[in-house]
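Since this is a predicted model, take the numbers as computed values, not measurements. Each chain gets a letter, A, B and so on, in the order the sequences are listed, and its residues count up from 1.
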Amino acid sequence: ISAIDIDSLSADMTALKESLNDVFLCLMSIVILSMQVGFALLEAGSVPAKNVTSILLRNVLDSFVGATMYYLFGYALSFGQPDNRFCGAGYWALSGLPTNRYSHFLFNAMFAATAASIVSGAVADRSTFSAYTMYTALISGFVYPIVSHWVWSPRGWLAATNVTIVGVDAPVQLRFMDFAGSGVVHLLGGSASFVAAVILRPRIGRFPANSPTSEPTSTAATTSGVIPGHSVPLVATGGFVLFCGFLAFNGGSHASVSSVGDGRVLALAMLNTLLSGSASGLTVLAVSKIRTGRWSLLSTVNAGLSGMVSICASCNSVEPWAALATGVVAGVAYLACSNLVVRLRVDDPVEAVSVHFSGGLVGLLLVALFHSKRGILANPGLLSALNFAWQLVGLIVIIAWSTGFSLAVFGCLQLAGWYRVSELDEGVGLDKAEHGEAAYPYERLRETGELLAAKFDDCNEF
Amino acid sequence: ISAIDIDSLSADMTALKESLNDVFLCLMSIVILSMQVGFALLEAGSVPAKNVTSILLRNVLDSFVGATMYYLFGYALSFGQPDNRFCGAGYWALSGLPTNRYSHFLFNAMFAATAASIVSGAVADRSTFSAYTMYTALISGFVYPIVSHWVWSPRGWLAATNVTIVGVDAPVQLRFMDFAGSGVVHLLGGSASFVAAVILRPRIGRFPANSPTSEPTSTAATTSGVIPGHSVPLVATGGFVLFCGFLAFNGGSHASVSSVGDGRVLALAMLNTLLSGSASGLTVLAVSKIRTGRWSLLSTVNAGLSGMVSICASCNSVEPWAALATGVVAGVAYLACSNLVVRLRVDDPVEAVSVHFSGGLVGLLLVALFHSKRGILANPGLLSALNFAWQLVGLIVIIAWSTGFSLAVFGCLQLAGWYRVSELDEGVGLDKAEHGEAAYPYERLRETGELLAAKFDDCNEF
Amino acid sequence: ISAIDIDSLSADMTALKESLNDVFLCLMSIVILSMQVGFALLEAGSVPAKNVTSILLRNVLDSFVGATMYYLFGYALSFGQPDNRFCGAGYWALSGLPTNRYSHFLFNAMFAATAASIVSGAVADRSTFSAYTMYTALISGFVYPIVSHWVWSPRGWLAATNVTIVGVDAPVQLRFMDFAGSGVVHLLGGSASFVAAVILRPRIGRFPANSPTSEPTSTAATTSGVIPGHSVPLVATGGFVLFCGFLAFNGGSHASVSSVGDGRVLALAMLNTLLSGSASGLTVLAVSKIRTGRWSLLSTVNAGLSGMVSICASCNSVEPWAALATGVVAGVAYLACSNLVVRLRVDDPVEAVSVHFSGGLVGLLLVALFHSKRGILANPGLLSALNFAWQLVGLIVIIAWSTGFSLAVFGCLQLAGWYRVSELDEGVGLDKAEHGEAAYPYERLRETGELLAAKFDDCNEF
């Protein structure tokens with residue numbers, strides 16, 4: 001027995017731990033990448049058949065452009081060294097990046113792609129492909145990374161700011177609480193979606209002139225109402241994939257599996273995510289049934305997602321009952337937001353604003369209430385009040401940043417006439433106009449003989 | 001060098017192991033949650049287009065209601081402390097649950113949701129949404145948890161019962177062998193499905209009055225026969241997702257990755273699952289070809305699932321060749337059961353009974369034969385005969401429990417007139433009648449111009 | 001403190017490491033199995049609706065037959081003991097296999113199934129089901145395993161061959177560089193696809209007699225041109241699933257997570273995979289836009305896959321910028337290959353040759369250029385020139401082996417008249433002719449009342 005044995009064993013242990021943390025982030029990255037399938041299917045099912053190819057390709061680009069832009073610029077702005085309190089400024093195109101940060105890059109690249117994806121649904125069916133591509137590049141390479149620096153980089157200004165309070169000796173450290181991105185990802189994406197949809201104006205026929213603004217349209221109106229989507233199974237499949245993905249999105253944010261209790265935090269984050277989504281979905285299912293007499297799948301799926309969005313901020317730090325409560329609030333907020341958006345005559349084909357903006361908002365606020373250590377309930381007093389105020393500061397700044405940027409980009413695109421397709425193209429559908437690839441070439445179906453025979457029967461019958 | 005170094009290293013190791021076991025269960029939980037997508041798609045593809053939204057929402061609820069009910073009651077009944085031999089009675093709504101059991105809860109919640117999902121297919125197309133929701137809540141919060149206590153809780157009566165045999169000194173410990181739920185999950189769900197379908201009676205038009213009962217309907221009749229499903233791709237996709245999920249379902253049941261040989265058991269469980277599913281699928285493919293002259297996808301997929309169900313009980317404890325053999329038997333049993341169900345004129349739109357009941361039954365019996373240590377082949381004699389008898393006891397009790405409960409619940413629902421929708425609603429389809437959300441709004445497709453043009457051509461041609 | 005403590009701790013550590021490596025391979029196996037869903041959907045979407053059931057079942061069989069054949073023969077030929085430089089010859093049906101190699105079997109079985117899957121698309125719509133099944137059994141049980149022995153078994157002749165160079169004292173060890181199968185899996189599958197499609201001849205109507213051969217058909221012609229596929233959403237979903245799967249395919253090939261730096265290599269492999277796929281997809285998107293004025297989803301998805309194929313060989317050993325460069329080259333090669341295949345009037349309905357053959361070729365060549373230690377750029381000189389030559393040797397032999405085998409098998413099948421279905425069956429579609437299961441039974445859709453009403457309107461309108 002010698003010190004060398006122990007040292008070698010200890011070094012082994014250190015290497016194993018480091019490796020496993022990398023492996024964990026890599027595994028979570030695969031699952032989060034699969035969320036892109038979820039977004040793609042959810043959105044594809046929510047739009048008319050004539051715009052399906054277009055929205056699918058936009059989602060593919062969210063991954064491809066997102067990964068490339070985050071590689072070139074995004075990671076440097078998020079976590080580059082050297083950095084300041086506003087952004088990072090190193091590791092451009094990963095040059096000089098220590099290899100032990102590869103997994104960190106991979107994981108965060110997935111988050112950037114997710115942030116970019118959110119907007120694609122809000123501008124569906126009428127925006128030009130080139131405008132969307134430009135936008136996706138900017139959000140994943142620039143807008144999102146800077147906010148993620150603020151909150152998730154140790155030197156970010158929202159991550160840690162010391163304030164001196166009169167009458168308190170030691171300075172108080174304010175920390176914006178957003179574990180997995182209620183604000184950084186979803187509030188940001190939801191705000192941008194709202195601005196993008198407002199500037200783009202509604203699709204032709206979405207709000208008929210004689211429809212009364214005062215009458216609230218039902219929740220599901222945006223997906224199954226005036227301009228219905230073309231496939232509920234695609235929507236539901238996409239929703240399911242996202243439910244699974246959110247467990248990795250939220251759990252993966254813990255980023256470590258090798259220290260004492262890591263596994264417990266991971267499990268807590270995941271079960272809270274499941275409970276919050278369930279509570280939100282069930283709340284909206286019940287309310288919809290009461291209000292409309294129908295059991296709505298589309299509202300339930302979107303509400304489930306909104307519940308999972310709302311728990312991002314707090315999934316690692318609240319008790320399971322609080323996750324349930326957060327979900328219930330998120331469900332109600334989703335309904336309210338969904339109705340408000342329709343009343344404002346803003347056309348958001350996939351309810352991106354209702355899911356991500358309202359869910360994110362609820363999450364950022366409720367974490368200050370329910371946090372099991374620093375929350376108002378657990379620890380009422382000056383400190384938790386300050387925490388709450390800091391949450392407000394953070395969410396306002398995130399909304400302002402996202403809104404401001406979107407106003408500038410989409411405003412310019414609009415003024416230049418590059419943002420929206422022509423009326424003709426909108427009527428024909430983006431798939432034919434911009435892509436030359438119809439999602440379902442029915443001519444071919446006819447040739448199978450099945451549809452042909454069916455039609456022959458029909459025509460004769462009448 | 002000091003004892004402290006070793007102690008600290010040893011503590012590090014303990015923490016790492018505990019954390020990794022949690023992480024493993026969390027990862028498996030994500031994959032098992034994805035099985036809900038599999039069930040949803042398999043079932044959605046197997047029903048007519050007019051009932052697709054309905055069955056998708058039921059599957060969403062299996063997750064949402066299942067998670068909530070298992071959180072509130074199920075886990076307490078399964079694994080709560082204090083407990084007795086029949087059920088647990090603590091940790092209601094997870095209160096008082098040690099945080100190191102969060103991952104255990106999460107994993108088992110997924111199993112509860114899976115057990116609940118099985119029935120949704122058997123009652124498709126004609127049961128009311130509210131009746132199904134009530135049922136799903138009861139099975140995931142009450143029926144399944146209690147059986148899982150019997151078998152998987154250390155104090156469960158099936159898990160370990162000592163009997164004294166005349167002429168043998170030491171008492172013999174009987175242990176019900178069901179590693180991953182051939183009985184606890186699938187036999188239970190399959191039994192409930194049978195009762196549910198019998199009480200609900202067949203869909204209108206499923207068994208035309210003049211069709212001879214003596215003539216066996218082909219295996220695929222339930223899915224592609226008199227009332228065909230609407231989309232084979234959805235069925236196949238769902239089947240594939242379930243194949244992948246079963247590897248996690250069965251492998252994850254080992255629940256540990258940190259002890260000597262854990263990885264080997266995991267790999268054995270997974271490869272046995274793959275082999276058993278393959279053998280069952282190929283057996284049925286070949287038999288179907290011989291009997292009908294056709295290569296049937298639908299039978300092959302269902303048989304593959306049945307093979308994987310059958311190996312749940314034994315995947316960690318039999319040699320790969322025995323997994324293949326188990327699969328072959330499961331395939332034959334699936335065919336026999338499928339024919340029997342049709343002969344009995346029980347309408348099971350997705351063959352839930354044939355897949356889960358017969359697969360589960362085969363699994364519980366064959367583990368007593370093939371178990372590499374305690375099986376009849378490896379160790380013939382009194383002990384293995386007793387083991388086999390104990391398997392019989394367990395499976396009979398599980399069937400009785402599930403059947404009895406289902407008779408009570410569905411019988412009451414039926415008597416109250418709440419179980420089945422009206423003939424009118426059944427004709428119109430549940431999507432319009434109960435949900436107000438058609439799965440495929442064809443009106444919209446027409447507007448794309450493609451289908452319109454196609455039809456114009458057709459009408460003129462004839 | 002005693003030596004025993006350390007020994008026990010050290011044994012613990014060894015067991016943990018071994019277990020975790022097994023667990024890692026098992027997890028990656030689940031994800032790679034999910035690639036079968038990806039292939040199935042990509043191919044199903046790319047063919048007419050009348051052949052969808054057929055291609056789905058072929059993909060199910062790739063898993064079932066592949067797993068069974070690899071269990072019976074394949075693993076023995078790949079990694080059996082004893083072995084020689086050409087193949088292994090032990091562990092038939094896993095007999096005698098040490099249990100610590102179960103995970104290795106499982107992981108490699110998934111690779112065998114993947115190799116078998118590649119060909120299914122190239123022979124879609126016109127080959128008999130029985131011929132395909134026979135072929136799939138041979139490739140996963142025999143053709144692929146032997147090549148994988150050459151490259152990935154320590155004694156394989158391509159894995160390590162010593163040559164003596166005049167003027168150099170020590171013998172030089174040549175090692176074929178193919179980390180995750182650009183050659184072993186994809187070049188092999190792509191070569192077989194080409195031969196299979198050539199012998200099978202084009203589908204009826206694919207190359208109309210009067211179409212000029214000199215005019216290059218657009219990239220997407222094979223999928224959206226003369227005989228379009230029936231569903232772009234299925235293609236895109238399949239592509240997305242494969243993108244996710246490739247991260248596991250390439251990352252999992254490292255096969256270890258417990259040694260120093262393992263996690264870093266894993267993360268590098270995954271991020272390189274993502275970057276190469278992105279670069280290839282974006283390159284082809286841009287070129288297609290310039291050439292045709294359209295943003296093509298189908299080309300972008302296939303190009304993304306080709307980029308990921310090309311980085312298989314080098315994902316663990318090149319810098320991220322080199323992965324981007326590899327992707328750009330793979331994109332260009334994909335376009336060139338796709339055009340060449342059409343010019344040659346070879347009918348490859350899903351572009352299997354363009355994705356796998358050209359991607360694999362690019363990967364095997366560029367690893368010799370970009371390898372961060374042994375590449376020509378990093379270390380120009382005799383050694384890297386020899387490495388490059390050895391890559392050429394390997395790729396030529398793999399092409400020859402795959403081509404030769406395919407010529408023999410498909411040639412015999414063709415001569416025997418078993419390879420291609422009758423013209424009548426091709427017209428009717430394989431789903432009805434061989435399977436008796438139409439993918440979309442439209443008769444049923446009519447009965448829902450929706451389509452019926454729509455048609456009634458149409459017929460009256462005109």
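Scanning all heavy atoms of the two residues, the minimum distance from C/Ala49 to C/His230 falls at N-CB, 3.6 Å. Residues C/Leu20 and C/Val257 approach most closely at O-CG2, 3.8 Å, considering heavy atoms.
For A/Leu94, the part sitting under 4.5 Å from any heavy atom of chain C is the side chain, from C-beta outward, and nothing else. For chain C, the nearby part of A/Val52 is the side chain; its heavy atoms alone come within less than 4.5 Å. For A/Gln36, the parts sitting under 4.5 Å from any heavy atom of chain C are the backbone and the side chain alike. Proximity to chain C involves both the backbone and the side chain of A/Leu9, based on heavy atoms less than 4.5 angstrom apart. C/Leu234 does not touch chain A: none of its heavy atoms, backbone or side chain, sits under 4.5 Å away. Looking at C/Ala236, the atoms closer than 4.5 Å to chain A (heavy atoms on both sides) all sit in the side chain, from C-beta outward. Of the atoms belonging to A/Leu25, not a single heavy atom falls under 4.5 Å from chain C. For A/Phe105, the part sitting under 4.5 Å from any heavy atom of chain C is the side chain, from C-beta outward, and nothing else. For A/Ala44, no part sits under 4.5 Å from any heavy atom of chain C, backbone or side chain. Contacts between A/Ala433 and chain C at a heavy-atom distance below 4.5 Å involve the backbone alone (N, CA, C, O). Contacts of A/Ile30 with chain C are made by both backbone and side-chain atoms, with heavy-atom separations under 4.5 Å. Of the atoms belonging to C/Phe243, heavy atoms from both backbone and side chain fall under 4.5 Å from chain A. Residue contact with chain C, scored on non-hydrogen atoms closer than 4.5 Å, is absent for A/Met35. For C/Ser259, the part lying under 4.5 angstrom from a heavy atom of chain A is the backbone only. Proximity to chain A is limited to the side chain of C/Leu275, based on heavy atoms less than 4.5 angstrom apart.
Between A/Phe129 and A/His435, the gap from one ring centroid to the other is short of 6.0 Å. In this structure, the ring of A/Phe246 has its center less than 6.0 angstrom from the ring center of A/Phe249. Centroid-to-centroid, the aromatic rings of A/Phe107 and A/Phe111 come within less than 6.0 Å. For A/His104 and A/Tyr75, the ring centers sit closer than 6.0 Å to each other.
For chain C, the option among A/Val31, A/Asn21, A/Asn59 with the highest count of heavy-atom pairs below 4.5 Å is A/Asn59. Between chain A and the options C/Lys289, C/Arg294, C/Glu319, C/Arg264, the largest number of non-hydrogen pairs under 4.5 Å is found for C/Arg264.
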### Query
Does the pair A/Asp12 and C/Lys17 meet the rule for a salt bridge (Lys or Arg N to Asp or Glu O under 4.0 Å), with working shown?
CA-CA 10 Å; A/Asp12 251 30; C/Lys17 284 178 170 183; 2.6 Å; yes
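In this structure, the side chains of A/Leu57 and C/Leu285 come closer than 4.5 Å at one or more pairs of heavy atoms.
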